[in-house]
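So the structure is just underneath, and the comments pick up after that.
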Number of protein chains: 2
Amino acid sequence: VEAHDEKYLRAAMEELYPADISSILYELDTEQAHYLFSLLTTEIGAEILANIDEDDRRRFLQDFSSVEIARYIEVFDSDDAVDLLKEQPIQIREEVIGLLQDREQARFIIDLLPYDEDVAGGLMQKELVKANANWTVNECIEEIRKQAEDVEKVYAVYVVDDEQTLLGLISLKNLVLARKNTKIINIFDEDIHYVETYRPVEEVTEIMQRYDLEAIPVVNVQKRLLGRITIDDILDVVTEKAEEDIQAISGITGEVEEDDSLWDQVKARLPWLIVGVIGSLMAATVIRFFEGELTKIAALAMFIPIMGSTGGNVGIQTASLIVQALADKTGLEISWKERLLKIVAIAALNGLIIGILAGVYVLIFSETQLFWVVSLSLLAVVLLASFMGTITPLILNRFGINPAVASGPFITTANDLVGIGTYFMIAHFLLKI
Amino acid sequence: VEAHDEKYLRAAMEELYPADISSILYELDTEQAHYLFSLLTTEIGAEILANIDEDDRRRFLQDFSSVEIARYIEVFDSDDAVDLLKEQPIQIREEVIGLLQDREQARFIIDLLPYDEDVAGGLMQKELVKANANWTVNECIEEIRKQAEDVEKVYAVYVVDDEQTLLGLISLKNLVLARKNTKIINIFDEDIHYVETYRPVEEVTEIMQRYDLEAIPVVNVQKRLLGRITIDDILDVVTEKAEEDIQAISGITGEVEEDDSLWDQVKARLPWLIVGVIGSLMAATVIRFFEGELTKIAALAMFIPIMGSTGGNVGIQTASLIVQALADKTGLEISWKERLLKIVAIAALNGLIIGILAGVYVLIFSETQLFWVVSLSLLAVVLLASFMGTITPLILNRFGINPAVASGPFITTANDLVGIGTYFMIAHFLLKI
């Protein structure tokens, strides 16, 4: 690359898949990557741009002019084009749309821009093959031929009436098998799934996964066909959602990756660490309040960690299962009373076992007068933490916050505090000091 | 259902999608569900069985005879048939295979049984449409017609030679557009992705996601075409993997759901809780060792929680990002030295901010002599926890254990212990007591 040997580079890259070329681009500095990128054909360049990480793309495109960007947008699928343009400053966005030669593409993009990322409209692409119900199979095949370049993956032809209302679809397989002069209206499948533009992405994912669909048509409230969502986008959504959940659980805010800048990483971690610190300092204040007890029985301090960490662990376990149950709506619905009873029963069993275990340790290694204090406190802590682990995600969910947050530092911190408070109160009353 | 009004029930269920009927079955007790299920057509019953949760299916099928099971297996896709049979006792498995009328299906199942679930062979289905390279487009369409009933989703026709060696594929779209008497050999796509049976599932997922494939052919070491993997199975794998990771992080062992039995839930939670308890009791022993110091300065106890929870939180954050970097191999590769330097820099920054915050609290609410002890300890704890959060997942990964485990109770417990130990040692040396 440094030698700027264009011929060799072009030849070498022709052998590679776009996804592999993008791995190479990552290894280079921005200027070199830009140079190498400009050598690629527009199609390959567009495919790379469509598939790399958002942040990397934004950074990479900073050196690009609107004319350059427009060249790639021209051949993008409309959904990917909109995603890319939404990352750009408004000025660039408008310039690029103005520069597009393909007026249909420009119209597609303008249609899609208003939709939020988290609804069906924000995920759909305008590229699809549709056929009027009155056409014959042959006319339908002609339409596919016309669209062949724009619509990479067809899956099915959507059947509409003269007002563009979605009537049904005919799968490519059935189209292959049908006789050429059959009318579409006689063979298409009316009983299909579709979604409105305003449906949340989670719902679209659930429907497509539940009914094993590889594409789903998107309609407006009048059931006019507007676009479709394909399974590869859904797979990306599912992967991203999983990453987000894990970050939420781990107490990391915002989408951050190991290779992001130092300051981005500090910013992503600090908020929850500070929440943790504040919680722990509140715990410190609780302990200070019981300093009298501590001065008399210094051994009380030994069991501060077990109260905090057991509370945290139980809270996280419980919260995770509730978060999972919230996400997996297809599962069995159980009543509130049943759910609470079961959680209490599980907590009581676990609390007893742990309480006895720690009690034995007390008898052997610490002051025997603490046996009841430690055992009973642990039982109480497990019960309380289970309760908090159950209600916290439910409350967050009600307020539209990702309930996975509840499985993270939030629940640990809260339970740390509650656990230590419970312990000292029980100590205070049982030991009468 | 209770009235056993067959006619009404059949009519009512004909209106519903299989996935929706299965939601109804969940509401009923086993006997009622079995009765309702037996009223369904074999196709609908099979589709329900193929899509419900493994554990639920095992439980539900306990009342079924081999003859009944065979009836549904007959119409299953081969991959789903194998999944179901693997859950059954060997005797039932053999009986069902023996009872199958469709000898091709029986052969498919016997072919697939030996593969593990976590390699490509364990995910593939035998149902696919293949064509000899010397056929014409017309012959190819005839083959699709013959297979139409067995192969629900075609996507593409795989092209093989006389020895069944995979040569390439022709997409359904191109088949629709091709002229009937063209030879396949002149129009098929040679440049395709495929996987060998022994490839790990993660690799298959990565390839299909990277190249946006909706199906991938599976071959043996001689490149003979054996089957294919479709995107809906990959979507299920990704969803399951995400759930597993979250459970691993949350300290839950085994795949357990909120609606599992009491004892299953206790079993799933207890192991990590006990690990946590043992860690905390080790921390207790450390504190006991410094009881002399505690008796002199009771205020030392106040900062036990902050050392434990900060260590835990930092450890989880760091571990999660490493786990993510391990999973996302397409990302940027950075050198070991760079990675460690960066982690240290982030930790130092976070540690300083937290240390100062807690230091201010000490000056206002506690004994000022503890200022340096608390601030320096926190800095040390954040650095140590970052280091442990980095190496633990890498070590687990090296030993073939799911590194997500490292983001859970394991890292919290370890850091609790290390944090408290560091704190008391620093206190011991700084205060010279």
Side-chain angles (χ1 to χ4, degrees), chain A residues 19 26 141 144-145 154 172-173 175-177 209-210 212 214 231-232 235 238 242 246 249-252 258-259 262 265-266 269 273 276-277 280-281 283-284 287-288 291 294-295 298 301-306 308-310 313 316-317 320-321 325 332 345-346 349-350 354 357 361 407 409 416, chain B residues 19 26 141 144-145 154 172-173 175-177 209-210 212 214 231-232 235 238 242 246 249-252 258-259 262 265-266 269 273 276-277 280-281 283-284 287-288 291 294-295 298 301-306 308-310 313 316-317 320-321 325 332 345-346 349-350 354 357 361 407 409 416:
Chain A
Y26 271 111
I141 290 176
I144 296 179
R145 197 182 307 278
V154 177
L172 262 195
K173 181 175 106 178
L175 206 61
V176 170
L177 300 179
Q209 202 159 8
R210 190 169 184 156
D212 283 346
E214 60 273 292
I231 187 81
D232 50 316
L235 192 57
V238 169
I246 288 178
I249 292 178
S250 313
I252 296 168
E258 211 214 347
D259 52 0
L262 196 78
Q265 290 217 37
V266 171
R269 293 169 188 223
L273 288 183
V277 166
S280 302
L281 291 178
I287 296 174
R288 180 157 159 266
E291 218 173 301
L294 263 172
T295 321
M302 286 172 66
F303 302 99
I304 294 175
I306 202 175
S309 72
T310 303
N313 288 343
I316 287 180
Q317 289 181 335
S320 275
L321 288 175
L332 175 67
I346 295 167
L349 250 169
N350 279 332
I354 289 176
L357 219 74
Y361 175 91
S407 319
D416 229 25
Chain B
Y26 272 112
I141 291 175
I144 296 179
R145 200 183 307 279
V154 177
L172 264 195
K173 180 174 109 181
L175 207 60
V176 170
L177 301 179
Q209 202 159 6
R210 189 169 186 156
D212 283 347
E214 58 273 292
I231 187 81
D232 51 317
L235 192 57
V238 170
I246 287 178
I249 293 177
S250 314
I252 296 168
E258 211 214 348
D259 53 0
L262 196 77
Q265 290 218 36
V266 171
R269 293 169 186 223
L273 289 183
V277 166
S280 302
L281 290 179
I287 296 173
R288 181 158 156 263
E291 218 173 299
L294 262 172
T295 322
M302 285 171 66
F303 303 99
I304 294 176
I306 202 174
S309 72
T310 304
N313 288 344
I316 288 181
Q317 288 181 337
S320 274
L321 288 176
L332 175 67
I346 296 167
L349 250 169
N350 279 332
I354 289 176
L357 220 74
Y361 175 92
S407 318
D416 228 26

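Labels below follow one simple rule: chain letters A, B, ... track the order of the sequence lines, proteins then strands, and each chain is numbered from 1.
Heavy-atom pairs under 4.5 Å with chain A peak, among Asp232(B), Leu177(B), Val238(B), Asn313(B), at Leu177(B). Ranked by heavy-atom pairs shorter than 4.5 Å toward chain A, the options Gly276(B), Ser309(B), Ala242(B) are led by Ser309(B). Listed options Thr310(B), Val277(B), Leu281(B), Ile141(B) were ranked by heavy-atom pairs under 4.5 angstrom with chain A; first place goes to Leu281(B). Interface remark: of the candidates Arg145(A), Arg288(A), Glu291(A), Arg269(A), Arg269(A) forms the most heavy-atom pairs closer than 4.5 Å to chain B. With respect to chain A, the highest number of heavy-atom pairs below 4.5 Å among Leu273(B), Thr295(B), Leu357(B), Ile316(B) belongs to Leu273(B). Ranked by heavy-atom pairs shorter than 4.5 Å toward chain A, the options Ala283(B), Gly308(B), Gly251(B) are led by Gly251(B).
With a threshold of 4.5 angstrom between heavy atoms, Asp416(A) approaches chain B through side-chain atoms but not through N, CA, C or O. Only the side chain of Ile231(A) comes within contact range of chain B, with heavy atoms under 4.5 Å apart.
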Candidate pair Leu349(A) and Leu262(B), rule side chain to side chain contact (heavy atoms under 4.5 Å, CB included), full reasoning: CA-CA 10 Å; Leu349(A) 250 169; Leu262(B) 196 77; 4.2 Å; yes
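Minimum interatomic distance between Ser320(B) and Ile252(A) (heavy atoms only, all atoms of both residues): CB-CD1, 4.3 Å.
With values rounded to the nearest 0.5 angstrom, Ser280(A) atom OG is found 12.0 Å from Ile304(B) atom CD1. Considering CG of Leu321(A) and CD of Gln265(B), their distance stands at 5.5 Å, rounded to 0.5 Å.
By the 4.5 Å heavy-atom criterion applied to side chains, Glu214(B) and Glu214(A) are not counted as neighbours. Residues Val154(B) and Leu172(A) fail the side-chain proximity criterion, which asks for heavy atoms closer than 4.5 Å.
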